[in-house]
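When reading the values below, keep in mind they use all heavy atoms of this one structure, side chains included, and skip hydrogens, waters and symmetry mates. Predicted model only: the values in this text are computed from it and were never measured.
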Amino acid sequence: MAGGGQVVLRTVSQQGWVRGSGAAVLSRLQDAAVVRPGFLSAAEEETLSRELEPELRRRRYEYDHWDAAIHGFRETEKSRWSEASRAILRRVQAAAFGPGQTLLSSVHVLDLEPQGYIKPHVDSVKFCGSTIAGLSLLSPSVMRLVHTQERGEWLELLLEPGSLYILRGSARYDFSHEILRDEESFFGERRIPRGRRISVICRSLPEGMGPGEPGQPPPAC
């Protein structure tokens with residue numbers, strides 16, 4: 001977002017990766033909207049991309065999502081992984097989820113074409129629980145969060161390839177989130193050119209849902 005009054009979060013783990021409309025929203029979401037750059041090594045990113053590519057190639061890019069939230073995408077739910085990829089996903093679980101949280105058994109994989117984007121939306125509590133964590137592959141992108149009631153309160157996350165983002169609690173329920181389309185893809189004054197982007201998203205179980213129950217349509221994260 002352009003304009004004055006913009007603040008960059010000045011913590012060691014977030015510096016340069018999270019920016020927002022003011023100190024209050026940055027403080028409020030400090031632990032609820034987190035970016036961990038360089039979470040994956042180049043070799044780990046290649047491991048995931050190589051494993052996902054054959055399955056994604058069998059699918060066509062779509063332009064009409066079930067809730068109209070995504071444009072130019074293909075997606076899948078994946079529960080079987082190589083041991084190398086499972087080791088990565090275990091690291092995600094340890095980094096993003098508490099010991100009392102159970103994860104959905106399938107991992108949501110979302111592939112956005114270079115001109116694809118995700119519109120502002122708030123995930124339904126019916127589809128996943130209070131925490132989601134996503135690995136970003138191939139292309140950098142900008143995720144924007146905007147308060148659903150106070151539109152002047154916003155946060156932006158710079159998601160470089162190999163980074164991990166985590167959304168919890170208030171960041172999920174009180175803010176919409178979106179992935180900016182290429183022509184809007186700026187982080188402050190910095191242009192962030194969009195290419196093809198794959199996200200690998202782990203989700204906690206919705207409240208009252210057992211781990212063996214069939215999944216619902218996934219969130220557009």
Side-chain angles (χ1 to χ4, degrees), residues 1 7-20 26 29-53 56 70 73 75 78 81 84-97 103 107-114 116-118 123 128 131-145 154-169 171-172 175 177-182 184-204 218-221:
M1 287 187 177
V7 180
V8 176
L9 190 58
R10 300 289 185 183
T11 67
V12 174
S13 61
Q14 299 277 71
Q15 186 176 13
W17 307 96
V18 179
R19 61 190 299 275
L26 289 167
L29 296 184
Q30 184 170 357
D31 297 319
V34 177
V35 179
R36 292 188 56 178
F39 185 84
L40 297 178
S41 67
E44 289 174 324
E45 187 181 357
E46 174 62 25
T47 293
L48 289 172
S49 300
R50 187 172 57 247
E51 181 165 348
L52 292 170
E53 194 63 38
L56 291 170
I70 324 177
F73 72 100
E75 63 184 343
K78 185 171 174 62
W81 297 86
S85 293
R86 283 199 298 272
I88 296 169
L89 295 174
R90 286 194 292 269
R91 285 180 53 219
V92 172
Q93 182 172 1
F97 299 89
L103 273 60
V107 175
H108 182 208
V109 179
L110 179 63
D111 179 355
L112 283 180
E113 66 177 6
Y117 54 91
I118 302 176
D123 297 331
C128 61
T131 304
I132 59 174
L135 296 167
S136 296
L137 310 179
L138 303 184
S139 169
S141 60
V142 178
M143 176 181 285
R144 178 181 292 162
L145 287 74
W154 56 267
L155 206 68
E156 289 176 346
L157 313 181
L158 176 57
L159 306 178
E160 296 278 11
S163 66
L164 173 71
Y165 74 84
I166 304 165
L167 300 182
R168 303 183 179 101
R172 289 219 34 241
F175 289 74
H177 58 276
E178 62 183 303
I179 295 292
L180 302 182
R181 62 186 78 198
D182 179 61
E184 299 173 344
S185 190
F186 287 83
F187 188 72
E189 300 299 319
R190 180 182 168 192
R191 174 82 166 102
I192 307 297
R194 271 283 319 284
R196 179 185 174 208
R197 173 187 185 259
I198 296 175
S199 51
V200 178
I201 304 160
C202 298
R203 303 157 290 171
S204 62
C221 304

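Using a 4.5 Å cut-off on side-chain heavy atoms (C-beta onward), L137 and L52 make contact. Looking at F73 and I179, their side chains never come closer than 4.5 Å, going by heavy atoms from C-beta outward. Using a 4.5 Å heavy-atom cutoff, the side chains of R181 and R194 are not in contact. Looking at I88 and V200, their side chains never come closer than 4.5 Å, going by heavy atoms from C-beta outward. In this structure, E75 and L112 have side chains that are not in contact, with every pair of non-hydrogen atoms separated by 4.5 Å or more. Here the side chains of R197 and L159 are in contact, with some heavy-atom distance below 4.5 Å. Two residues are said to be in side-chain contact when any heavy atoms from C-beta on lie closer than 4.5 Å; W17 and V34 fail this criterion. Using a 4.5 Å heavy-atom cutoff, the side chains of P161 and S139 are not in contact.
Scanning all heavy atoms of the two residues, the minimum distance from P37 to V35 falls at CD-O, 3.4 Å. Nearest heavy-atom pair across G16 and L158 is O-CD2, 4.1 Å. The two residues A95 and I166 have their closest heavy-atom pair at O-CD1, 4.0 Å. When all heavy atoms of E156 and F186 are compared, the pair lying nearest together is OE1-O, 4.2 Å.
Residue T47 holds its OG1 atom at 11.5 Å from CH2 of W81, rounded to the nearest 0.5 Å. Interatomic distance, S141 OG to D182 CG, rounded to the nearest 0.5 Å: 11.0 Å. The CG atom of L26 sits 8.5 Å away from the CH2 atom of W154 when rounded to the nearest 0.5 Å. Here the straight-line distance linking atom OG of S163 with atom CG of L40 works out to 8.0 Å at 0.5 Å rounding. A distance of 7.0 Å separates CG of L29 from CG of L145, quoted to the nearest 0.5 Å. Between L155 atom CG and H177 atom NE2 the span is 13.0 Å, to the nearest 0.5 Å.
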(message) Run R91 and F39 through side chain to side chain contact (heavy atoms under 4.5 Å, CB included) and show every step you take.
(response) CA-CA 9 Å; R91 285 180 53 219; F39 185 84; 3.8 Å; yes
(request) Determine, stepwise, if the pair L167 / M143 fulfils side chain to side chain contact (heavy atoms under 4.5 Å, CB included). (result) CA-CA 11 Å; L167 300 182; M143 176 181 285; 4.1 Å; yes
(request) Dump the intermediate steps for side chain to side chain contact (heavy atoms under 4.5 Å, CB included) on Y165 and V18, then the final yes or no. (result) CA-CA 11 Å; Y165 74 84; V18 179; over 6 Å; no
(message) side chain to side chain contact (heavy atoms under 4.5 Å, CB included), that's the test. Do I198 and L48 meet it? Break it down for me.
(response) CA-CA 10 Å; I198 296 175; L48 289 172; over 6 Å; no
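Here E160 pairs with R190 in a salt bridge; the nearest charged N to carboxylate O distance falls below 4.0 Å. Remark: R144 does not engage E184 in a salt bridge, criterion side-chain N to carboxylate O under 4.0 Å.
Counting only distance, with no hydrogens or angles, the side chain of T131 and the backbone of F97 share no donor-acceptor pair below 3.5 Å. Between the side chain of S185 and the backbone N or O of I192, at least one donor-acceptor pair lies under 3.5 Å.
For the side chain to side chain donor-acceptor pair (under 3.5 Å) test with S85, the passing option among K78, E44, R90, E51 is E51; the others fail.
Residues forming a salt bridge (Lys or Arg N to Asp or Glu O under 4.0 Å) with R196 (at least two apart in sequence, or on another chain): E53, D111.
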